[in-house]
Amino acid sequence: MKRILLSLSFIVVSVTLCANSYNVRDYGAKGDGKVLDHTAINKAIDACTAGGGGQVVVPAGTYLCGSIRLKSNVDLHLMAGAKILAAPGELKAYDESEVFGAPEYQDGGHTYFHNSLIWAEGQQNISITGRGMIDGEGLTRYDTEKDGIIDGGSIGTGDKAIALKLCRNVTIRDITIYRGGHFAIITTGCDIGTIDNVTIDTNRDGIDIDCCKYFTVSNTKVNTPNDDAIVLKSSYALKKAVLCEHILITNCIVTGYKLGTFLDGTYIPEEVHWVCGRIKLGTESNGGYRNITISNCTCMWSSGLAFEEVDQGRMENIVVDNISLSHVHHYPIYITTGCRNRGPKEVTHMSSARDIYINNVIADDCDSLAGIIITGMEGEPIRNVSLSNIRIQYRGGGKKVTTPYREQGTNYPEPHWAGPTPAYALFARHVDGLKLHNVEFELLSPDERPDILFEDVKNVSR
């Protein structure tokens, strides 16, 4: 019997896994941290768009950049070891801010987008992904954002790390943002979005979702020692009142450690001046909030949960479930309406809030300033609030409050400036429909105030 040996020739073929992949180095990017690379990155984005879309790849290296303009059908992918470094203002590398052309009821950070590090307006199917980093070293953290004029400083400074306006089908996944400027991420008037597995360690707001709908923020860690971590807003930035609705925030961690210590693993608590960390609705609230779910989140060295409707919008159908708060600054839960009314004078209706359900919350080491606060307005109470399965541990040590607790009115809605509440555990005023089930309070040291105090509260179930 003959053996027949078959010689098989294996041909190795190099295949590009993504046919529409555009490496920024092929368009002139150096990645040395010295030469401005945003022009080359923008060329790669333009080529990708002209080719019908695909992935713009930023390989390992440090890319000193001004404004990067993200466009439809482009995934800006930061590979592990890649860093987009925000250029300082003196290099004048950022786009000029747009002309708003209407009264600016909202802060400048909600008004101007084009003078940001990465921005897009009116685009769709866009994403920023990868294990790389955005370092906003050259961005401002101040509130005078137009054209980058910073308290008399240089013109041309970038304002935000990522700013997206009127975009659809947005994904931000896996990246790290360090020192994100005024806002690390802001999305305004965007529909259908996902922010997932993002890590942020920044000196102002972490994530602002403004006038958006169908958004999910999940599996994300946000350290904000000087401002809010994850915040929903409904400003007048679109020149009209727009609801922020159908939003899910889940499986997230927010903290208030000293800037940079979350990323380096030293986790040093920051001295708190007015607020830190925090998951919040407001303050910009012209359109209001509807159908919001916050679940399975952990907050460390953070201010508590804050739900604020003060600009003539409506806040309704808010569900909070499974929240852990530890080392809480100022208050554990804060629900308020007010009449700051930052908007057109011809709008005459009052802010309103109803149908807020908070379940399964545990909090320890809570500040003695205030307990749970629920305050509506005379003639327009907050309606239908349910607190169930809640256990709050307070530090105690508070003194008896002998002066009336201020009405929210036109004030900025922050308990820090209102002073101690007249009850250490729960203070409610102008509420119609309050259900308390399995709610427990613990004091670590004596407090001269009562545990619960109600003023103009109707239909209480305990």
Side-chain angles (χ1 to χ4, degrees), residues 133 135-137 139 141-142 161 176-185 198-208 217 219-231 249 251-280 294 296-308 320 322-334 361-373 390-398 414-421 424-425 441-445 447:
M133 172 184 284
D135 184 347
E137 181 180 28
L139 301 176
R141 59 186 293 269
Y142 297 101
T176 295
I177 301 175
Y178 176 46
R179 298 180 291 195
H182 190 183
F183 304 138
I185 298 173
V198 172
T199 301
I200 298 173
D201 191 339
T202 190
N203 39 14
R204 284 295 301 274
D205 279 11
I207 299 170
D208 275 40
V217 181
N219 308 310
T220 287
K221 304 167 187 67
V222 186
N223 182 59
T224 51
N226 303 115
D227 220 319
D228 300 316
I230 302 172
V231 53
I249 300 169
N251 300 339
C252 292
I253 296 172
V254 304
T255 58
Y257 295 114
K258 187 175 180 180
L259 178 65
T261 67
F262 189 84
L263 289 183
D264 70 17
T266 54
Y267 307 121
I268 301 172
E270 178 65 289
E271 179 183 356
V272 178
H273 300 286
W274 75 288
V275 69
C276 68
R278 191 164 66 167
I279 299 173
K280 175 186 172 187
I294 302 167
N296 304 332
C297 292
T298 296
C299 307
M300 293 286 297
W301 297 102
S302 165
S303 298
L305 305 170
F307 307 127
E308 305 167 356
V320 179
N322 293 343
I323 306 295
S324 172
L325 304 163
S326 187
H327 307 297
V328 181
H329 299 295
H330 301 333
Y331 54 83
I333 298 170
Y334 178 43
V361 175
I362 187 167
D364 67 40
D365 190 30
C366 293
D367 199 324
S368 63
L369 176 77
I372 298 172
I373 305 173
I390 292 175
R391 187 176 188 278
I392 310 289
Q393 179 195 74
Y394 294 101
R395 296 172 194 165
E414 190 56 52
H416 174 63
W417 291 306
T421 49
Y424 76 81
F441 305 121
E442 178 189 358
L443 272 176
L444 293 179
S445 62
D447 197 296

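Side-chain atoms of Thr261 come within 3.5 Å of backbone N or O of Lys258 as a donor-acceptor pair. Listed for the Ser303 side chain is no donor-acceptor partner under 3.5 Å among the backbone atoms of Gly277. No side-chain donor-acceptor contact under 3.5 Å links Asp365 to the backbone of His327. A donor-acceptor pair under 3.5 Å is absent between the side-chain atoms of Asp208 and the main chain of Val231, judged by distance alone.
Taking every heavy atom of both residues into account, Gly397 and Ser445 meet most closely at N-OG, 3.5 Å. Nearest heavy atom pair, residue Ala363 against residue Val328, reads CB-CG2, 4.3 Å. Of all the heavy atoms in Gln393 and Asp364, the pair that sits closest is OE1-CB, 3.5 Å. Nearest approach of Ala161 to Ala184, heavy atoms of both residues: CB-O, 3.2 Å. The minimum heavy-atom distance between His182 and Arg204, with the atom names listed, is O-CB, 3.0 Å. Nearest heavy atom pair, residue Cys276 against residue Pro225, reads CB-O, 3.2 Å.
One distance of note links OH of Tyr257 with CE of Met300; it measures 4.0 Å at 0.5 Å rounding. Note that the CD atom of Glu270 and the OG1 atom of Thr224 stand 11.0 Å from one another [nearest 0.5 Å]. Between the OG atom of Ser302 and the CZ atom of Arg278 there is a distance of 8.5 Å, given to the nearest 0.5 Å. Distance CD1/Ile177 to CD1/Ile207: 7.5 Å, rounded to 0.5 Å. A distance of 12.0 Å separates NE2 in His329 from CG in Leu369, rounded to the nearest 0.5 Å. Here Arg179 contributes atom CZ and Asp135 contributes atom CG; the two are 4.0 Å apart, rounded to the nearest 0.5 Å.
Residues Tyr178 and Thr199 are not in side-chain contact: their nearest non-hydrogen atoms beyond the backbone lie 4.5 Å or more apart. Put simply, the side chain of Asn226 reaches to within 4.5 Å of the side chain of Arg141, judged on heavy atoms. Residues Val217 and Cys252 form a side-chain contact, since some pair of their non-hydrogen atoms from C-beta on lies under 4.5 Å apart. The side-chain heavy atoms of Phe441 and Ile392, taken from C-beta on, include a pair separated by under 4.5 Å. Looking only at side-chain heavy atoms (C-beta outward), Met133 and Leu263 come within less than 4.5 Å of each other. Residues Asp201 and Leu259 meet the side-chain proximity criterion, which asks for heavy atoms closer than 4.5 Å. With a 4.5 Å cut-off on side-chain heavy atoms, Tyr331 and Thr421 do not count as touching.
The aromatic rings of Tyr424 and Tyr394 sit perpendicular, their planes meeting at an angle over 60°, well past the 30° parallel limit. Taking the six-membered ring for Trp and thresholds of 30 and 60 degrees, Phe262 and Tyr267 have ring planes more than 60 degrees apart, a perpendicular arrangement.
Side-chain contact check for Asn322 and Asn296: at least one donor-acceptor pair (N or O, by modelled atom type) lies under 3.5 Å.
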